[in-house]
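Every value quoted in this text rests on a predicted model; they were computed, and no experiment measured them.
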2 protein chains.
Amino acid sequence: MRAFGRSAYGTGRVSRQRVSIALVVDASPDRAFSAEDLAALVRLDDPGIGLATVYRALAAMESSGFIEPVGERNGAVVYARCVDAGHHHHVVCTCCGMVEDAECPVGGTSAGANGFRITGHRLVLYGICPSCQRAAPEPGDEPGRGRFRVRPASRRAG
Amino acid sequence: MRAFGRSAYGTGRVSRQRVSIALVVDASPDRAFSAEDLAALVRLDDPGIGLATVYRALAAMESSGFIEPVGERNGAVVYARCVDAGHHHHVVCTCCGMVEDAECPVGGTSAGANGFRITGHRLVLYGICPSCQRAAPEPGDEPGRGRFRVRPASRRAG
DNA sequence: TTAGTTGCAAATCGTTTGCATAATT
DNA sequence: AATTATGCAAACGATTTGCAACTAA
């Protein structure tokens, strides 16, 4: 197997399954997705793909920088495709899960206050996308349309 | 039961257990801790405290802004005490788990690019604290001292 | 060949919950 | 007295892992 997939996984072999998975992820650059979401989509083409395979691919894509975890939905981690090449972040619609790359507003801090040597950071912006804003009656209310609510990662239900 | 604890939990009743828990958290403002860590510390004074109680207290303290999840350790979420009152973030030593409050470097973005109405963000800075830097032979190597490795939240082992 | 990948099913294990009891307000 | 918190133990459920078969390189 060749071509696409190489870039998504960085290193390692590129199996038929990994190509399918990478293609689906590549085709959904503006939507946060969970392992189950991804599996469901991939199964449209390859019904026999196993969840474990998806999880393993997810881990590989994350460490290669092809995707990044951006929150959770019902206790499951949701990821976003990293469209931009370099260092960047994501804005996630907490209502529908829409995602867009965002520039990194964090600067200078790499100097490190209090003697810390800063090695990195994780930032995710949350908001309401244009589409969901339109659907929301009261600006300020959490729109009720989305079936993909994303929440800042940390714990399960509430 | 009264006094301390009120501020930590925002609303709700303040039981003996919740006071003990809040006291321990308050006494560890510079260390990331997991539910198990916290339970172990609290049990020094109150051996009978249940893990579920700690988890419930953790949830309450998080929603009241007394603590914030800052990563994970062996698949368990680790929290940091929010020393500062207002909006701020944390710098976490990925080696030993030491934590310090950090100012928010994110500005203006509240305007929202691409039409998003930004409602919030989550930022955690990672680095090596002065103490661990001293313990690290090669500047650049991940020090090997810490027994509390913290990793950016997302998934379990690797 | 040879090492990395897959699918399946079982195992993990941090976290959540139901319930009867105890304690706060 | 009314309501909320606690402890225990069982339940959850997303994610991980062992393993034999398979396959990209």
Side-chain angles (χ1 to χ4, degrees), chain A residues 1-6 8-22 33-40 42-43 45-64 67 69 71-79 150-151 153-158, chain B residues 1-6 8-22 32-40 42-43 45-64 69 71-79 150-151 153-158:
Chain A
M1 215 39 93
R2 285 224 132 275
F4 197 77
R6 175 98 319 147
Y9 302 100
T11 183
R13 296 181 183 175
V14 183
S15 63
R16 172 174 52 74
Q17 293 89 330
R18 288 197 162 190
V19 172
S20 300
I21 294 174
F33 56 88
S34 67
E36 295 277 9
D37 296 338
L38 184 51
V42 175
R43 281 178 182 142
D45 287 312
D46 185 342
I49 207 159
L51 236 195
T53 298
V54 173
Y55 273 106
R56 286 185 276 233
L58 239 19
M61 292 189 285
E62 180 183 345
S63 63
S64 81
I67 59 175
E72 60 179 46
R73 197 171 64 228
N74 298 324
V77 177
V78 296
Y79 298 84
V150 173
R151 324 186 338 157
S154 68
R155 42 184 48 275
R156 314 211 179 178
Chain B
M1 213 39 92
R2 286 224 131 278
F4 197 76
R6 174 98 320 145
Y9 302 99
T11 182
R13 294 180 184 175
V14 184
S15 62
R16 171 174 52 73
Q17 293 89 330
R18 288 197 162 190
V19 171
S20 299
I21 294 174
F33 57 87
S34 67
E36 295 278 8
D37 296 338
L38 184 50
V42 175
R43 282 178 181 140
D45 288 312
D46 184 343
I49 208 158
L51 235 196
T53 298
V54 173
Y55 273 104
R56 287 185 274 234
L58 238 19
M61 292 190 284
E62 180 184 346
S63 62
S64 82
E72 58 178 47
R73 198 171 62 228
N74 299 324
V77 177
V78 295
Y79 298 83
V150 174
R151 324 186 336 158
S154 69
R155 41 183 54 272
R156 313 209 179 181

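Here the closest heavy-atom approach between residue A:Leu51 and residue A:Glu36 is recorded as CD1-OE2, 3.6 Å. The minimum heavy-atom distance between B:Ser63 and B:Ala60, with the atom names listed, is OG-O, 3.1 Å. The shortest non-hydrogen separation linking B:Arg18 to B:Arg13 is CD-O, 3.6 Å. When all heavy atoms of A:Val54 and A:Ala35 are compared, the pair lying nearest together is CG1-O, 3.7 Å. Closest heavy-atom contact between B:Ala32 and B:Arg73: O-NH1, 3.9 Å. Across all non-hydrogen atoms, the minimal contact from A:Ala8 to A:Ala22 is CB-CB, 3.9 Å.
Considering only heavy atoms from C-beta on, B:Asp37 stays 4.5 Å or farther from B:Tyr79 through its side chain.
In this structure, B:Arg43 atom CZ and D:dT6 atom P are separated by 13 Å, rounded to whole Å. One can place CD of B:Glu62 at 13 Å from C1' of C:dT15, the figure rounded to the nearest angstrom. Taking atom CG of residue A:Asn74 and atom P of nucleotide C:dT16, one finds them 13 Å apart after rounding to whole Å. Distance, A:Glu36 CD to D:dT15 P: 8 Å, rounded to whole Å.
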Query raised in the report: In the 5'-to-3' direction, what one-character label does each nucleotide of nucleotides 1-11 of chain C receive under the scheme B = base within less than 4.0 Å of a protein heavy atom, S = sugar-phosphate only, - = no such atom?
Result: -BBBSBBB---
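Between its two ends, the helix from C:dT1-D:dA25 to C:dT25-D:dA1 turns its axis by 50°, counting five pairs per end and rounding to 10 degrees.
Within the 4.0 Å cut-off from OP1 or OP2 of C:dT15, at least one side-chain nitrogen or oxygen of B:Tyr55 is found.
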Query - Verdict with reasoning, A:Ile21 to A:Tyr9, per side chain to side chain contact (heavy atoms under 4.5 Å, CB included) - result: CA-CA 11 Å; A:Ile21 294 174; A:Tyr9 302 100; 3.6 Å; yes
